[in-house]
Amino acid sequence: MATTVVACGGDAQTSAPKAPATIPELTKDPLTLSFIWFEWPPAQALEAFANAEYKKERPNVTIKVKTVPNANWHDAMFTQFAAHKTDFDIAILDSQHIGEAVTNGNILDLTDFVKKNIDVSAYNPYLLAAYGQFPQAETGKRDENASLYGLPLLGDTWTMIYRKDLIGDKPPQTWDEMISAAEKCQAENPGVSGLAFHQANGSDAAAVTYNTVNGVYGGNLWDPKARKIQGVLNDAAGQEAMNVLVNKMKPLTAKGSGNWFIDEVNAAVAQGKACIAFNWIAASGGLLDPKQSTLGTTREEILGKLGFATLPTQKTNLVPLGGMGMHVSAYSSEANQAEALNFMKWFEGADIQKKWAAAGGVPSRTDALASPEFLNAGPFNKVYADSVPRMRDMWNVPEYARLVDIENTNVNAALNGAKQPKAALDDIAKEQQGVLDSSGRKGGGGL
């Protein structure tokens with residue numbers, strides 16, 4: 001990931017302008033409301049869904065979801081933010097991008113708007129905090145006194161995808177069992193790798209993989225209150241997790257998979273080349289499409305071979321928080337900002353969230369997550385609903401882009417044999433600590 005745009009230092013929490021509590025009068029003229037996201041199926045699903053459903057309320061509005069390659073997503077937004085001019089009205093930010101956008105005044109403070117227009121009691125507090133709150137002091141906790149700068153758009157986490165016809169109907173329950181099952185499956189099925197997972201040095205691919213293994217083996221990414229990474233990330237639990245990833249999991253992956261990300265993992269599963277795989281739920285829908293799969297000519301036939309489960313546990317049951325929120329550009333026109341607020345209020349309504357779930361989205365409202373519209377829309381949706389209480393995020397700090405770049409580079413190097421696992425983890429801890437120390441900030445932000 002390129003990280004040419006860096007958040008400014010200092011201890012100031014925000015210079016973000018405030019959105020009005022009441023939505024201003026909306027224009028009757030034709031208007032295009034533009035989003036920016038990365039290229040993947042949910043982006044097309046959002047554009048189609050919004051143009052079909054929002055036009056019933058606002059027929060003069062056209063929704064456009066602009067997309068860029070995942071690896072360019074951060075810079076595509078923040079380069080425009082730095083110029084104080086955006087060709088998008090709603091930025092779809094990762095939870096970790098919020099701090100950088102807030103401290104640089106790039107997005108609107110939605111606190112007053114949310115209080116007047118959004119039923120916050122309808123959400124798991126962690127999801128509201130993850131996709132909107134800054135600063136975040138503690139994972140899983142929403143501080144009602146903290147400001148909100150976004151609202152949930154798409155929830156996500158990893159699912160374990162496994163070949164029921166090769167390893168059995170019951171998924172492995174622990175991480176060690178999963179590795180053993182993958183090893184046995186690989187040995188018994190020539191040409192099929194035991195595992196497929198993200199290893200790329202781009203976006204947050206390799207970093208999320210290590211962080212996930214770190215979590216299930218009882219590790220911590222940092223001490224957020226003390227802003228301490230060195231000695232925490234690379235403690236005994238962190239080293240065990242890196243050893244498991246590099247020396248036990250990596251040998252079960254396909255040759256040449258050292259730079260795999262979402263699409264490559266899905267392709268391996270669809271082509272019948274992996275016993276067990278890990279991928280984001282929101283990116284898994286295509287696995288059930290017979291046109292994209294060699295596992296069956298119908299959805300039912302594919303589901304006879306593929307199972308979807310929550311991640312195995314080990315010393316803990318932690319899973320990675322994915323998903324994104326909607327955030328209004330501070331540089332959009334007044335008419336488009338008003339439309340963006342109206343869209344967000346509409347989108348977060350109970351009925352619309354259920355329709356979004358039926359259209360392939362992953363909602364964040366508790367009632368939508370428990371609804372038949374969501375649970376019956378895909379075999380992995382219950383996995384997400386069951387995973388919400390287990391989620392752990394990364395560092396929600398303005399220095400996120402630099403921290404994740406350091407981790408991706410070093411984890412990818414360890415997975416590809418360019419660094420020894422211990423050296424890679426020690427380098428991550430040292431370099432990330434240097435970033436935090438040089439920022440001059442005090443206090444932490446959500447894990």
Exactly one of Asn410, Val246, Leu415 clears side-chain contact (heavy atoms from CB on, under 4.5 Å) with Pro421, and that residue is Val246

Between Tyr210 and Phe197, ring centroids under 6.0 Å: no

Would you say the ring centroid of Trp175 lies under 6.0 angstrom from that of Phe278? yes

Could you tell me whether Lys382 and Asp386 make a salt bridge, using a distance below 4.0 angstrom between a side-chain N and a carboxylate O? yes

Thinking salt bridges, do Lys291 and Asp289 make one under a 4.0 Å N-O criterion? no

Under 3.5 Å side-chain donor-acceptor pair for Asn243 and Asn247: yes

Give a yes-or-no answer on whether the side chains of Asp176 and Thr174 include a donor-acceptor pair shorter than 3.5 Å. no

For Gln133 and Asp143, does a side-chain donor sit closer than 3.5 Å to a side-chain acceptor? no

Charged N to carboxylate O below 4.0 Å: is that the case for Glu240 and Lys315? yes

The test is side chain to side chain donor-acceptor pair (under 3.5 Å); show your working for Asp89 and Asn336 and say whether it passes. CA-CA 7 Å; Asp89 308 302; Asn336 286 47; 3.1 Å; yes

Give a yes-or-no answer on whether the side chains of Thr86 and Gln80 include a donor-acceptor pair shorter than 3.5 Å. no

Aromatic contact between Phe343 and Phe35, with the criterion being ring centroids under 6.0 Å apart: yes or no? yes

Examine the side chains of Glu264 and Ser257 and answer whether a donor and an acceptor come within less than 3.5 Å of each other. no

